[in-house]
2 protein chains.
Amino acid sequence: MSYSIGQVSKELGITIDTIRYYDKAGLLPFVNRNEAGRREFTDNDVHLMRTIICLKNAGVSVADISIFIQMRLKGDGTLEQRYNLLKNHEKNLQQQITDLKDTMSYLKYKEWYYKTAVEAGTEEIHFVPCTNGCLPELEEQYCDYLKKQGDLIELDNFVNVRDYRNR
Amino acid sequence: MSYSIGQVSKELGITIDTIRYYDKAGLLPFVNRNEAGRREFTDNDVHLMRTIICLKNAGVSVADISIFIQMRLKGDGTLEQRYNLLKNHEKNLQQQITDLKDTMSYLKYKEWYYKTAVEAGTEEIHFVPCTNGCLPELEEQYCDYLKKQGDLIELDNFVNVRDYRNR
DNA sequence: GCTTGTCCTGGAGTTGACTCCAGGTTATAA
DNA sequence: TTATAACCTGGAGTCAACTCCAGGACAAGC
């Protein structure tokens with residue numbers, strides 16, 4: 001049993017053009033063709049493509065994934081290299097996750113900022129009078145708000161982010 | 001006290017060209033110039049730029065950040081719109097974090113796959129004999145490994161990801 | 001006062017990851 | 001059997017986000 005490019009496209013949620021682009025870029029050397037030259041994908045091919053998409057989601061470039069696939073073709077001699085490549089991308093990924101969490105923390109602070117401003121009807125409640133600069137105690141006020149909410153995890157995270165940003 | 005574009009560049013870890021690009025794109029209408037036409041950044045400007053970089057890290061496009069900044073210039077009438085814009089990006093961000101965590105889970109599985117293959121000296125230990133396809137019980141083996149390690153959180157996450165992928 | 005460094009603008013070039021198109025072949029359904 | 005749907009290739013186009021460059025102005029150290 002095999003699948004056409006259109007079926008795989010639907011299954012994986014990526015366009016036909018993208019699959020062909022990946023093929024051109026050397027990401028799919030394992031996909032066979034029928035007599036007419038059309039691609040025929042096996043279940044295993046689709047599984048491998050899920051791994052490729054996973055690496056993409058992890059922020060690995062098409063060029064790097066291509067290197068990984070080329071190593072795969074070379075056999076067992078490259079096992080360790082492949083392991084190291086993944087380990088490296090795990091580090092990147094961990095950093096990305098940390099960054100996004102920090103960004104989220106900051107975003108929540110900004111949401112609080114705008115929620116309170118909307119309630120007050122003006123942004124000025126956060127400014128030093130007669131300026132466009134924020135009050136120095138603003139972040140402290142937000143911490144108090146988090147404490148009142150009992151959100152100690154977010155509080156802890158925000159304090160870290162704030163320390164970093166004001167470094 | 002004010003800073004030159006070069007100082008800000010170092011402070012924020014982005015290039016001078018990128019700062020000028022952001023300015024051209026309408027992200028920095030608040031930055032003033034001196035008599036000679038050079039940009040002079042205040043502490044508050046730098047603080048605002050950190051927020052812009054934060055939004056960038058959250059995956060917000062330069063065009064969307066520009067909209068946000070334009071709303072800021074329009075004053076209190078846009079407070080609610082700004083809050084909603086942030087709330088929307090919070091959703092995106094939460095999705096990104098979830099995706100990255102799932103990707104991480106899958107990456108760890110692949111690392112285990114390669115670690116065991118390296119130890120065995122060949123990738124074939126994971127294949128159905130005489131094929132290039134993986135054993136159907138492979139993921140189960142990994143689950144057993146996680147259980148033995150006592151890593152029940154990762155186990156739980158991996159099972160979810162696996163269910164989704166094998167949907 | 002001269003050299004070297006930092007800044008300015010407008011605009012062109014680059015990169016990565018697609019996305020689209022022309023022109024053609026094969027498969028399927030009425 | 002004929003239309004239309006799905007596939008093929010090579011190559012051009014697009015888009016976002018930079019990145020670089022030419023040509024010129026101002027600043028700072030010696």
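Quick caveat, the model's predicted, so the values are computed rather than measured. Labels below follow one simple rule: chain letters A, B, ... track the order of the sequence lines, proteins then strands, and each chain is numbered from 1.
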What integer distance in Å separates [X]:[atom1] from [N]:[atom2]?
X: B/D17; N: C/dT14; atom1: CG; atom2: P; result: 15 Å
X: A/E40; N: C/dA27; atom1: CD; atom2: C1'; result: 13 Å
X: A/I14; N: C/dT19; atom1: CD1; atom2: P; result: 10 Å
X: B/K24; N: C/dT9; atom1: NZ; atom2: C1'; result: 7 Å
X: A/Y22; N: C/dT19; atom1: OH; atom2: C1'; result: 13 Å
X: B/R33; N: C/dC7; atom1: CZ; atom2: C1'; result: 10 Å
X: A/D23; N: C/dC18; atom1: CG; atom2: C1'; result: 15 Å
X: A/I19; N: C/dA17; atom1: CD1; atom2: C1'; result: 15 Å

Query raised in the report: For residues B/E154 and B/S105, is any side-chain donor paired with an opposing acceptor at under 3.5 Å?
Result: yes
Query raised in the report: Taking atom types as modelled, is there a side-chain donor on A/D99 or A/Q95 under 3.5 Å from an acceptor on the other?
Result: yes
Requested in this report: On DNA chain C, check which nucleotide each of B/I16 and A/T15 is closest to and give me the residue with the more 5' one.
Outcome: B/I16
**Report entry** Which residue lies more 5' along DNA chain C, comparing A/R20 with B/G6 via nearest heavy atoms
**Finding:** B/G6
**Report entry** chain A footprint on DNA chain D, 5' to 3' - any atom under 4.0 Å from a heavy atom
**Finding:** D/dA6 to D/dG11
Report summary line: Checking C/dC8, C/dA17, C/dT26 against the side chain of A/V62 (C-beta onward), the nearest is C/dA17
Query raised in the report: Counting side-chain heavy atoms from CB outward, which of C/dT26, C/dT6, C/dC18 is closest to B/R38?
Result: C/dT6
Query raised in the report: Would you say the side chain of B/S9 lies within less than 4.5 Å of the side chain of B/I14, judging by non-hydrogen atoms?
Result: no
**Report entry** Most 5' of B/A36 and B/A63 on DNA chain D, judged by nearest nucleotide
**Finding:** B/A63
Query raised in the report: Which residue lies toward the 5' end of DNA chain D, B/V60 or B/E35, if each is placed at its nearest nucleotide?
Result: B/V60
**Report entry** Set of residues satisfying salt bridge (charged side-chain N to carboxylate O under 4.0 Å, His left out) with respect to A/D23, sequence neighbours excluded
**Finding:** A/R33, A/R39
Requested in this report: Fit a plane to each ring of B/Y142 and B/W112, take the angle between them on a 0 to 90° scale, and name the class: parallel (under 30°), tilted (30 to 60°) or perpendicular (over 60°).
Outcome: tilted
Query raised in the report: Looking at B/Y145, does the NZ or CZ of B/K148 lie under 6.0 angstrom from its six-membered ring centre and within 45 degrees of the ring axis?
Result: no
**Report entry** Identified side chain to side chain contact (heavy atoms under 4.5 Å, CB included) partner of A/L107 from the options B/L93, B/T51, B/N57
**Finding:** B/L93
